[in-house]
Every structure is written in C-alpha cells, then in structure tokens.
Amino acid sequence: GGDQLVFAQDYFNELVAHVQRNKPTIVGHFDVLTKFSVIDEQNPAYRRMALEALEKVVAVTPVVEINTGAISRKWREIPYPADFILRGLREMGGKIILGADTHAADTIDCAFPLAVEIAKQAGFDTLLTSNNHSYDTGSAGFYRTGEVLSLKGIDYIGTHFGNAKNYKVVDIEGVKI
C-alpha cells in the first residue's frame with residue numbers, strides 16, 4: 001500500500017534537492033517512477049508536481065535525458081520522460097539528450113528513432129548528442145545516430161558526424177556548442 005502521490009512528491013523533492021546541491025550537467029531518469037508503472041502519468045496531481053519539479057530543475061540544469069533503457073529490457077514501449085514533461089521542458093527552454101542506459105553495447109541505441117520522433121512531436125528541433133556513451137556501438141552506431149537525426153529533420157549539437165554539413169553551433173548561456 002501507501003500513497004503513490006506522496007511517494008512521487010518525495011521523489012521529486014529529493015531530485016530537486018540533488019540538482020540544486022550538485023548542479024549536474026544532465027538530469028537523467030526525471031520521471032523514473034513511470035518506468036515500472038509505479039504511478040499514473042495521467043493523474044493531474046502527478047502532472048502538476050512533475051512540472052513544478054521540472055521548473056526547479058531546469059533553473060539549475062536545462063538538459064534532461066530521454067531514456068530508452070526500459071524499452072530494451074521490455075519494461076516499457078515508449079521512452080521516458082512522458083510527453084507532457086517533454087513539452088513542459090521545451091516551453092521552459094530546456095534541452096534534451098538521448099540515453100539508453102542499457103549497459104549493453106548491442107542495445108545502446110535502442111529505440112532512438114522512436115525517441116527522436118517523440119522529441120520532435122514535443123516541439124524539439126535540436127538534440128544534444130555528446131555524452132559518455134556516444135561511441136559505445138563504434139563508428140556504425142555513431143554514424144547511424146547522425147543519419148536518424150537527419151532523416152527526422154532534427155539538428156544536433158555536441159558531435160560531428162563525418163563530412164555532414166547539417167550540424168549546428170548554438171550559444172547556451174554564453175558557451176558555444
């Protein structure tokens with residue numbers, strides 16, 4: 001038993017405190033509670049608390065991960081965070097990065113085309129591609145990421161895929177990426 005909303009509020013309070021204290025460059029697993037269907041993503045109270053937490057997180061760390069790891073493990077069929085969170089993140093000026101969190105090279109890019117499509121539907125047109133797993137699947141996976149983003153019409157920052165000329169340089173708070 002127990003109250004799922006109290007649990008969710010405790011989680012978001014801890015997440016916000018962690019971000020404010022440690023100031024990470026990327027926030028992953030923003031709504032990890034949905035990974036195992038612990039809470040109903042459609043619940044209006046949950047949505048309010050998630051967006052309130054997101055606003056506090058984005059004020060410190062504007063980059064949030066879209067995570068596909070649960071898909072590779074057959075726990076979910078769509079990435080998280082939820083669509084309403086991604087739309088809120090975009091409206092707040094946040095940025096996104098893809099991560100699979102699979103800990104296995106053969107699924108490191110699991111469901112990336114789906115995640116890119118969901119990001120695009122949420123209004124994102126640029127994706128941060130530079131992270132510590134960018135080259136986990138070798139050159140084939142690395143270049144495949146660039147191809148998928150190009151096919152979906154998404155610009156990317158953080159990496160350069162060969163001779164492609166569709167990369168973008170952006171200024172984020174005075175830093176050119």
Item to check | Distance, nearest 0.5 Å, that separates CD1 of Ile96 from CD of Glu65 | outcome: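 Answer rounded to 0.5 Å: 11.0 Å.
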
Any side-chain heavy-atom pair of [X] and [Y] under 4.5 Å:
| X | Y | result |
| --- | --- | --- |
| Lys95 | Phe124 | no |
| Leu5 | Ile39 | yes |
| Ile26 | Thr61 | no |

Item to check | salt bridge (Lys or Arg N to Asp or Glu O under 4.0 Å) partners of residues 33-45, not counting sequence neighbours, each pair once | outcome: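 Non-adjacent pairs meeting salt bridge (Lys or Arg N to Asp or Glu O under 4.0 Å): Glu41-Arg76.
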
Closest approach of [X] and [Y], non-hydrogen atoms and distance?
| X | Y | answer |
| --- | --- | --- |
| Ser72 | Gly69 | OG-O, 2.8 Å |
| Pro24 | Val27 | CG-CG2, 4.3 Å |
| Thr25 | Val63 | O-CB, 3.6 Å |
| Thr68 | Ala115 | CG2-CB, 3.8 Å |

Checklist entry - Do side-chain atoms of Lys23 reach the backbone of Gln20 as a donor and acceptor pair under 3.5 angstrom? => result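 Side chain of Lys23 to backbone of Gln20, a donor-acceptor pair under 3.5 Å: yes, one is there.
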
Item to check | Under 3.5 Å donor-acceptor, Asp31 side chain and Thr34 backbone | outcome: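 No, because the side chain of Asp31 does not come within donor-acceptor range (under 3.5 Å) of the backbone of Thr34.
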
Checklist entry - Asn13: what forms a side-chain hydrogen bond (donor to acceptor under 3.5 Å, both in side chains) with it, not counting sequence neighbours? => result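 For Asn13 the side-chain hydrogen bond (donor to acceptor under 3.5 Å, both in side chains) partners, ignoring immediate neighbours, are Gln9.
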
Checklist entry - For His18, what residues pass the side-chain hydrogen bond (donor to acceptor under 3.5 Å, both in side chains) criterion, not counting sequence neighbours? => result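 Scan of His18 (side-chain hydrogen bond (donor to acceptor under 3.5 Å, both in side chains), adjacent residues dropped) gives Asn22.
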
Checklist entry - Got a sec, which pairs hit ring-ring contact (aromatic ring centres under 6.0 Å, His included) with one end in residues 50-72, sequence neighbours left out? => result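 Residue pairs passing ring-ring contact (aromatic ring centres under 6.0 Å, His included), neighbours aside: none found.
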
Item to check | Check against side-chain contact (heavy atoms from CB on, under 4.5 Å), Ile66 and Ile118 | outcome: CA-CA 9 Å; Ile66 297 179; Ile118 288 170; 5.7 Å; no

Next on the checklist: Aromatic contact between Tyr11 and Phe30, with the criterion being ring centroids under 6.0 Å apart: yes or no?
Outcome noted: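 When the ring centroids of Tyr11 and Phe30 are compared, they turn out to be at least 6.0 Å apart.
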
Can you give me every donor-acceptor pair (side chain of residues 82-92, partner residue at least two apart or in another chain, under 3.5 Å) with its distance?
| from | atom 1 | to | atom 2 | distance (Å) |
| --- | --- | --- | --- | --- |
| Asp83 | OD1 | Arg87 | NE | 3.4 |
| Asp83 | OD2 | Arg87 | NE | 2.8 |
| Arg87 | NH1 | Gln121 | O | 3.1 |
| Arg87 | NH2 | Gln121 | O | 2.9 |
| Arg90 | NE | Ala122 | O | 2.4 |
| Arg90 | NH2 | Ala122 | O | 3.4 |

Checklist entry - Got a sec, which pairs hit side chain to side chain donor-acceptor pair (under 3.5 Å) with one end in residues 45-60, sequence neighbours left out? => result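 Residue pairs with at least one partner in residues 45-60: Gln42-Arg47.
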
Checklist entry - In this structure, which one of Asn67, Val64, Leu15 forms a side-chain contact (heavy atoms from CB on, under 4.5 Å) with His29? => result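 Among Asn67, Val64, Leu15, the one meeting side-chain contact (heavy atoms from CB on, under 4.5 Å) with His29 is Asn67.
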
